[in-house]
2 protein chains.
Amino acid sequence: MKKYTIRDVAKAAGVSHMTVSRVLNNNPRVRANTREKVQKAITEMGYEPNAMARAFVTKKSQLIGLVVSDISNPFYAEISRGIEDKAFDLGYSVIFCSSDENTHRTEACVKNLLRTGVDGMIFTSVHLKEPAAEKLIADGFPVVLVNRKLRNPNCHYVTCNNFQGSYDATEHLINLGYKKIGIISGYSHLSTGLDRLKGYKKALEDHGIPQRPEYIIETSFSADGGFEAAKELLVLKDRPEAIMGGNDYIALGVMDAAEALGLSIPEDFALTGFDNTDFAARSRTKLTTVSQKIYEMGSIAVQIIVDTIDRKNLDYAHKVVLNPNLIIRESCGYQLHKK
Amino acid sequence: MKKYTIRDVAKAAGVSHMTVSRVLNNNPRVRANTREKVQKAITEMGYEPNAMARAFVTKKSQLIGLVVSDISNPFYAEISRGIEDKAFDLGYSVIFCSSDENTHRTEACVKNLLRTGVDGMIFTSVHLKEPAAEKLIADGFPVVLVNRKLRNPNCHYVTCNNFQGSYDATEHLINLGYKKIGIISGYSHLSTGLDRLKGYKKALEDHGIPQRPEYIIETSFSADGGFEAAKELLVLKDRPEAIMGGNDYIALGVMDAAEALGLSIPEDFALTGFDNTDFAARSRTKLTTVSQKIYEMGSIAVQIIVDTIDRKNLDYAHKVVLNPNLIIRESCGYQLHKK
DNA sequence: CCAATTAATGTTACTGGTAACATTTCTTGG
DNA sequence: CCAAGAAATGTTACCAGTAACATTAATTGG
């Protein structure tokens with residue numbers, strides 16, 4: 001269990017410690033038989049380089065900071081898994097922090113990660129305006145945004161085409177014959193909330209269906225938010241025939257509200273979600289939703305951040321927008337709806 | 001954005017760098033007005049200590065390694081959140097690795113974490129025999145097991161009383177009048193699988209109900225596992241009246257199988273789960289299950305590991321066993337069952 | 001009021017790697 | 001076969017902190 005240093009190895013192999021360092025770093029300027037000699041000493045002694053010393057001197061920790069809103073939220077957990085796997089492949093480890101969607105806590109996370117010495121940070125849940133992230137970017141610190149974007153478009157990000165996904169879902173409802181379509185949208189100070197709302201509005205517009213302000217409610221991306229909003233929407237005199245959930249959690253909350261109010265889905269109203277999370281296929285009514293490549297987003301984000309870390313001075317921004325996919329299940333009915 | 005060192009601060013404050021170091025470490029051997037002078041320079045210059053240098057010289061990274069079977073599994077994600085929050089409070093950051101329940105990958109995770117220089121490791125999903133973890137423990141490296149335990153009891157762990165939880169659930173079924181009770185258990189090379197199986201058997205025994213080997217199937221803690229096993233159990237000539245899922249995922253798979261076979265829960269058979277994960281209350285049939293304090297387990301594990309890191313030579317093992325709680329919903333029916 | 005003691009501050013060395021430059025050893029071609 | 005250049009190896013310094021000891025300043029009691 002004794003910890004050896006390169007100098008110990010050097011002595012054992014009868015060379016200087018620099019030669020050992022060169023062998024360790026695959027420097028070609030080492031003769032083959034010297035390399036073998038050193039390699040032998042290394043394996044015999046069970047030498048392991050001291051990561052801390054190396055990080056200290058090279059100013060590279062091989063650590064990526066990950067700021068999620070809540071790691072216990074399966075959506076973010078899945079992004080995290082995508083991030084972890086790719087990071088592992090590229091020789092990085094990842095430290096995660098939950099920000100709880102809270103600017104204050106986000107700042108604490110960033111400070112903490114900076115203190116820990118991460119080489120770059122990935123944010124999964126920025127607000128359109130997020131001072132902590134923006135400051136990092138301004139300072140030239142490697143940052144990649146996943147899932148949600150900042151207002152400022154001049155940064156690396158990978159997202160789903162939320163506009164398109166929402167547009168498609170809305171159009172699907174319209175094609176089924178629904179006209180009175182409400183939306184319980186995520187807050188529009190979040191890019192995901194905003195883009196999905198825009199997609200919804202554009203689809204209505206393109207099909208000549210007027211917007212009705214009372215059919216649009218913004219809330220948090222949570223079952224509770226969906227539940228409360230649905231209770232408002234479903235008691236309207238002129239109740240919507242279809243409700244779009246800003247994500248699957250909101251849709252879940254809508255289902256809870258429907259149950260509480262004695263309404264059935266899709267008989268009394270249609271429902272859509274967004275994300276195609278695991279439980280969407282397993283809920284009481286199987287949910288029609290928009291799937292996005294969650295795991296892949298994480299994986300791509302790592303690719304980008306490592307790129308950025310390695311050749312620091314990228315003068316362009318990586319922008320990756322993945323295509324979503326409408327998954328049709330039973331929550332909108334299958335028949336054309338009565339006019 | 002310039003990076004200052006303690007020597008820069010020292011020069012600015014007109015003291016030696018050691019005095020700055022003392023101020024930084026709250027060493028009482030600094031006169032009040034010297035301390036102020038230094039403090040002032042620190043804030044004015046925006047000095048931040050270099051974590052890498054500090055970690056290097058103190059041999060302490062303030063990093064905890066976390067090995068979960070899969071971060072995208074909500075159960076582990078919630079443990080992780082408990083771990084993260086407590087670690088944050090105690091000044092640690094956490095690096096996570098997903099092992100996929102795979103000995104090989106577990107070894108890779110451990111190696112990776114060791115290389116990164118973590119001060120200790122938390123394992124959430126060891127097998128009863130897990131060479132990588134056992135070696136660490138043998139070497140005196142700080143390790144805490146959460147959720148699952150090793151066969152070797154001489155290590156720190158925090159788990160739920162799985163035996164008791166399973167016993168309670170079984171007894172609940174018995175009290176409802178069920179006698180033909182099957183179990184789709186997690187693999188018994190995992191402590192959770194084994195203990196829950198034991199609890200089931202003991203409850204049957206205590207109530208004088210003979211075990212029927214064909215009613216016991218072991219599988220992975222997954223919906224797929226539950227689905228496949230349920231298909232076997234539910235086509236038995238003498239079908240069980242009740243099935244206990246080794247965890248909520250297995251129970252979910254059982255629900256899928258029931259649907260596929262045209263059976264209703266609880267009319268055709270009763271069903272229980274374990275863990276009280278989020279979706280247990282939201283599944284088609286609301287699931288009677290055993291809740292455990294998932295978040296708390298993580299939190300306690302951090303407490304223990306930090307303890308262990310700080311006063312390395314603990315000569316006793318922390319063993320924390322939390323009590324589970326039976327959550328009765330609708331999947332077992334509410335009436336006493338016909339004999 | 002000054003010697004003895006204690007408190008405050010400073011100096012030097014050290015951690016385990018890598019960078020930069022110096023030196024030695026090997027090639028190669030005239 | 002040897003000088004010149006290239007390749008291999010070695011030396012020294014450095015990173016930004018902390019530990020251990022040295023020195024200086026302040027306090028205290030006879």
Side-chain angles (χ1 to χ4, degrees), chain A residues 1-42 45-63 91 114-119 309-310, chain B residues 1-42 45-63 91 114-119 309-310:
Chain A
M1 260 287 87
K2 189 175 173 316
K3 281 278 190 172
Y4 291 106
T5 73
I6 48 170
R7 284 166 172 92
D8 297 324
V9 175
K11 198 181 299 171
V15 297
S16 79
H17 73 279
M18 272 315 294
T19 300
V20 179
S21 174
R22 287 184 186 107
V23 170
L24 252 21
N25 292 288
N26 292 312
N27 184 319
R29 283 221 139 66
V30 180
R31 224 180 311 170
N33 69 328
T34 312
R35 164 164 278 127
E36 268 167 45
K37 220 167 40 174
V38 173
Q39 211 67 264
K40 191 159 148 282
I42 287 174
M45 305 170 79
Y47 164 82
E48 287 281 346
N50 179 326
M52 286 302 150
R54 187 175 270 173
F56 167 47
V57 72
T58 58
K59 278 118 181 58
K60 277 218 46 190
S61 59
Q62 300 294 113
L63 251 31
L114 238 27
R115 200 182 45 73
T116 312
V118 298
D119 295 334
I309 292 169
D310 287 348
Chain B
M1 258 291 90
K2 188 176 171 316
K3 280 277 191 174
Y4 292 107
T5 73
I6 48 171
R7 283 167 172 91
D8 297 323
V9 175
K11 199 180 297 172
V15 297
S16 79
H17 74 280
M18 272 316 293
T19 300
V20 178
S21 174
R22 287 185 186 105
V23 170
L24 252 22
N25 292 287
N26 293 312
N27 185 320
R29 284 218 139 67
V30 180
R31 226 180 312 171
N33 69 331
T34 312
R35 164 162 280 127
E36 270 166 44
K37 220 167 37 175
V38 173
Q39 211 69 264
K40 190 159 146 282
I42 288 174
M45 306 171 78
Y47 164 81
E48 286 283 344
N50 178 326
M52 285 304 150
R54 189 175 268 173
F56 168 48
V57 72
T58 59
K59 278 119 182 57
K60 276 218 45 190
S61 59
Q62 300 294 112
L63 250 32
L114 237 28
R115 199 182 47 72
T116 311
V118 299
D119 294 335
I309 292 168
D310 288 348

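The figures here come from the full heavy-atom set of this structure, side chains too, leaving out hydrogens, waters and symmetry mates. Proteins get letters first, then strands, A, B, ... in listed order; numbering begins at 1 in each.
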Inset, instruction - Verify the contact: side-chain N or O of A/Thr34 to OP1 or OP2 of D/dT9, cut-off strictly under 4.0 Å; return yes or no. - result: yes
Legend entry - Phosphate OP1/OP2 of C/dA7 contacted by B/Arg29 side-chain N/O (<4.0 Å): yes
Inset, instruction - Please figure out whether B/Ala53 or B/Arg35 has its closest DNA chain C nucleotide nearer the 5' end. - result: B/Arg35
Inset, instruction - Determine: side-chain N/O of B/Ser21 to OP1/OP2 of D/dG17, distance under 4.0 Å, yes or no. - result: no
Inset, instruction - Verify the contact: side-chain N or O of A/Thr58 to OP1 or OP2 of D/dC15, cut-off strictly under 4.0 Å; return yes or no. - result: no
Inset, instruction - First locate atom CZ of A/Arg31, then atom NZ of A/Lys37, and finally report the distance between them rounded to the nearest 0.5 Å. - result: 8.5 Å
Legend entry - Phosphate OP1/OP2 of C/dT18: any A/Asn25 side-chain N/O under 4.0 Å: yes
Inset, instruction - Give one of base, sugar-phosphate or nothing for B/Val30, where a contact means two heavy atoms less than 4.0 Å apart. - result: sugar-phosphate
Inset, instruction - Select base, sugar-phosphate, or nothing to describe what B/Arg54 touches, counting heavy atoms under 4.0 Å on all strands. - result: sugar-phosphate
Inset, instruction - Give a yes/no on whether any side-chain N or O of A/Thr5 is located under 4.0 angstrom from OP1 or OP2 of C/dG16. - result: no
Legend entry - N or O in side chain of B/Tyr47 less than 4.0 angstrom from D/dG17 OP1/OP2: yes
Legend entry - Nearest to side-chain heavy atoms of A/Ser16, which nucleotide of D/dT18, D/dG10, D/dA13: D/dG10
